[in-house]
Amino acid sequence: MCVRMIVEKIIPIAREAGKLMVRSGFDVMEKDTSANLVTSSDLAVQQFLVGRLAEILPDAGFFCEENDFGDLNHEYVWIIDPIDGTANYARGIDHCSVSIALAKGGEVIAGVVYSPWRNELFHAEKGSGAFLNGSPIKASDRPLKEGLFCTAMSTYRKEFAKICSDIIYDIYMRSNDVRRFGSAAIELCMVASGQIELFFEMRLQPWDYAAASLILAEAGGVSCGFDGCPMSLSNPSLTLAANNQENLSELLSTVRRHLPELPY
Ligand code: IPD
Ligand code: CA
Ligand code: CA
């Protein structure tokens, strides 16, 4: 099956998954820290996606956030965050999304990020551009000083908060302003759609950025990890993204100035 046909099948499945992100009546549980939540909706969305996506490619593997589900030892692997922005979701804040990537041979070839409460569906197929609700999107051409910088304070590993705040301060002083929305997948898509220009998080998981990093690249944006190479699809990664290479290089050199070595 060609990638275009696969993407056409993922999109309605993502929209159906979004219907499971009900506004009320779900349970909220803590994971390893009190800041790290999982809801019954995260589990329901993941179970639904695993069932429906397996029908598209029966031999594909899965790598999903909840319950350490899946393994990467397959030619095709679905990399899934059932709800990115669970803390927002649990409080009724609409900045939350379903993130679905398909990797082949270790490279993402299709990505869908769907934010049901905002009715925004981003998608990309490798080599074919990026789209928001079916219309093409493009990263902006704003320079650093006009850029909006989206970031976070390392919510689940608060021992990194001081270094994050130093990096954030440094970029903030040279850019337009800072935002913290709470769904990395949507934020990377917002760089792709030209709404924001810069993104930094100290430690994200592959399911946070797999789909969105393809969407960003297809929209002309760029992203990388601490080593300046693409973020890993198997391990957590520091995550930098920007509307263009010049801003990404500036972000990377700022991070390295404050952080000579990756602390994990
Ligand atoms: C989180 C969100 C958040 C980011 C965290 C992620 P989750 O994902 O993307 O914006 O700051 O680092 O873990 O836990 O809601 O799936
Ligand atoms: Ca996530
Ligand atoms: Ca999640």
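We count ligands from 1, going down the list as the structure has it; atoms in each ligand are counted the same way. Keep in mind that this is a model prediction, so the values were computed, not measured. Position 1 is the first residue of the sequence; numbering continues from there.
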Under 3.5 Å, which donor-acceptor pairs link side chains of residues 44-60 to any protein atom two or more places apart or in another chain?
from: Gln46; atom 1: OE1; to: Glu66; atom 2: N; distance (Å): 2.9
from: Gln46; atom 1: NE2; to: Glu66; atom 2: O; distance (Å): 2.9
from: Arg52; atom 1: NH1; to: Glu16; atom 2: OE1; distance (Å): 3.2
from: Arg52; atom 1: NH1; to: Glu16; atom 2: OE2; distance (Å): 3.2

Would you say [X] and ligand 1 have an N/O pair spaced under 3.5 Å apart?
X      : value
Gly85  : yes
Arg203 : no
Asp84  : yes
Asn36  : no
Ala87  : no
Glu65  : yes

Inset, instruction - Check which hydrophobic residues are tied to Val108 through side-chain heavy-atom contacts below 4.5 Å, counting indirect links as well, and list them. - result: Phe63, Leu72, Val77, Ile79, Trp207, Leu214, Leu233
Under 4.0 Å, heavy-atom basis, I'd like to know which part of [X] is in contact with ligand 1: side chain, backbone, both or neither.
X      : result
Ser183 : backbone
Met153 : neither
Ala152 : side chain

Starting from [atom], which protein heavy atom do you reach first, and at what distance in Å?
atom                    : result
atom 13 (O) of ligand 1 : Tyr156 CE1, 3.0 Å
atom 4 (C) of ligand 1  : Glu201 OE2, 3.1 Å
atom 3 (C) of ligand 1  : Gly182 O, 3.6 Å

Inset, instruction - Taking the Ca ion (ligand 3) as the centre, count the protein N/O/S atoms lying under 3.0 Å from it. - result: 3
Inset, instruction - Give a yes or no on whether Tyr156 atom OH has more than 12 heavy-atom contacts from other residues, nucleotides or ligands under 6.0 Å away. - result: yes
Legend entry - Row check, Phe226 ring normal vs Arg256 NZ/CZ: under 6.0 Å, within 45°: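 Yes, cation above the ring, under 6.0 Å and within 45°.
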Inset, instruction - Using the ring of Phe160 (Phe, Tyr or Trp, six-membered ring only), decide whether Arg203 places NZ or CZ under 6.0 Å from its centre and within 45 degrees of its axis. - result: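 Verdict for Phe160: no cation-pi partner in Arg203.
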Inset, instruction - Inspect the contact between Glu197 and Lys145 and indicate whether a charged nitrogen and a carboxylate oxygen are less than 4.0 angstrom apart. - result: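 Glu197 and Lys145: not salt-bridged.
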Considering only heavy atoms of [X], which atoms of ligand 1 have at least one such atom less than 4.0 Å away?
X      : result
Asp81  : 16 (O)
Asp208 : 8 (O)
Ile83  : 16 (O)
Ala184 : 2 (C), 9 (O), 10 (O)
Leu204 : 12 (O)
Thr86  : 15 (O)

Can you tell me how far apart [atom1] ([X]) and [atom2] ([Y]) are? Round to the nearest 0.5 Å.
X      : Y      : atom1 : atom2 : answer
Ser193 : Ile137 : OG    : CD1   : 5.5 Å
Leu248 : Ser253 : CG    : OG    : 9.5 Å
Asn133 : Leu121 : CG    : CG    : 6.5 Å

Under 3.5 Å, which donor-acceptor pairs link side chains of residues 82-89 to any protein atom two or more places apart or in another chain?
from: Asp84; atom 1: OD2; to: Ser183; atom 2: OG; distance (Å): 2.7
from: Asp84; atom 1: OD2; to: Ala184; atom 2: N; distance (Å): 2.9
from: Asp84; atom 1: OD2; to: Ala185; atom 2: N; distance (Å): 2.8
from: Thr86; atom 1: OG1; to: Asp42; atom 2: OD2; distance (Å): 2.7
from: Thr86; atom 1: OG1; to: Ile83; atom 2: O; distance (Å): 3.2
from: Asn88; atom 1: ND2; to: His95; atom 2: O; distance (Å): 2.9
from: Asn88; atom 1: ND2; to: Phe181; atom 2: O; distance (Å): 2.9
from: Tyr89; atom 1: OH; to: Val22; atom 2: N; distance (Å): 3.2
from: Tyr89; atom 1: OH; to: Val22; atom 2: O; distance (Å): 2.7
from: Tyr89; atom 1: OH; to: Ser41; atom 2: OG; distance (Å): 2.6

Legend entry - Trace of the salt bridge (charged side-chain N to carboxylate O under 4.0 Å, His left out) decision for Arg179 with Glu187: CA-CA 10 Å; Arg179 297 287 185 277; Glu187 288 150 29; over 6 Å; no
Legend entry - Test item: side-chain donor near acceptor, Thr254 and Asp170, under 3.5 Å: no
Inset, instruction - Verify whether one side chain among Arg118 and Ser97 offers a donor that lies under 3.5 Å from an acceptor in the other. - result: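 No, no side-chain donor-acceptor contact under 3.5 Å.
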Legend entry - Backbone N/O of Cys96 and side chain of Ser115: donor-acceptor pair under 3.5 Å: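 Present.
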Legend entry - Validation row: Cys150, Arg180 side chains within 4.5 angstrom (heavy atoms): no
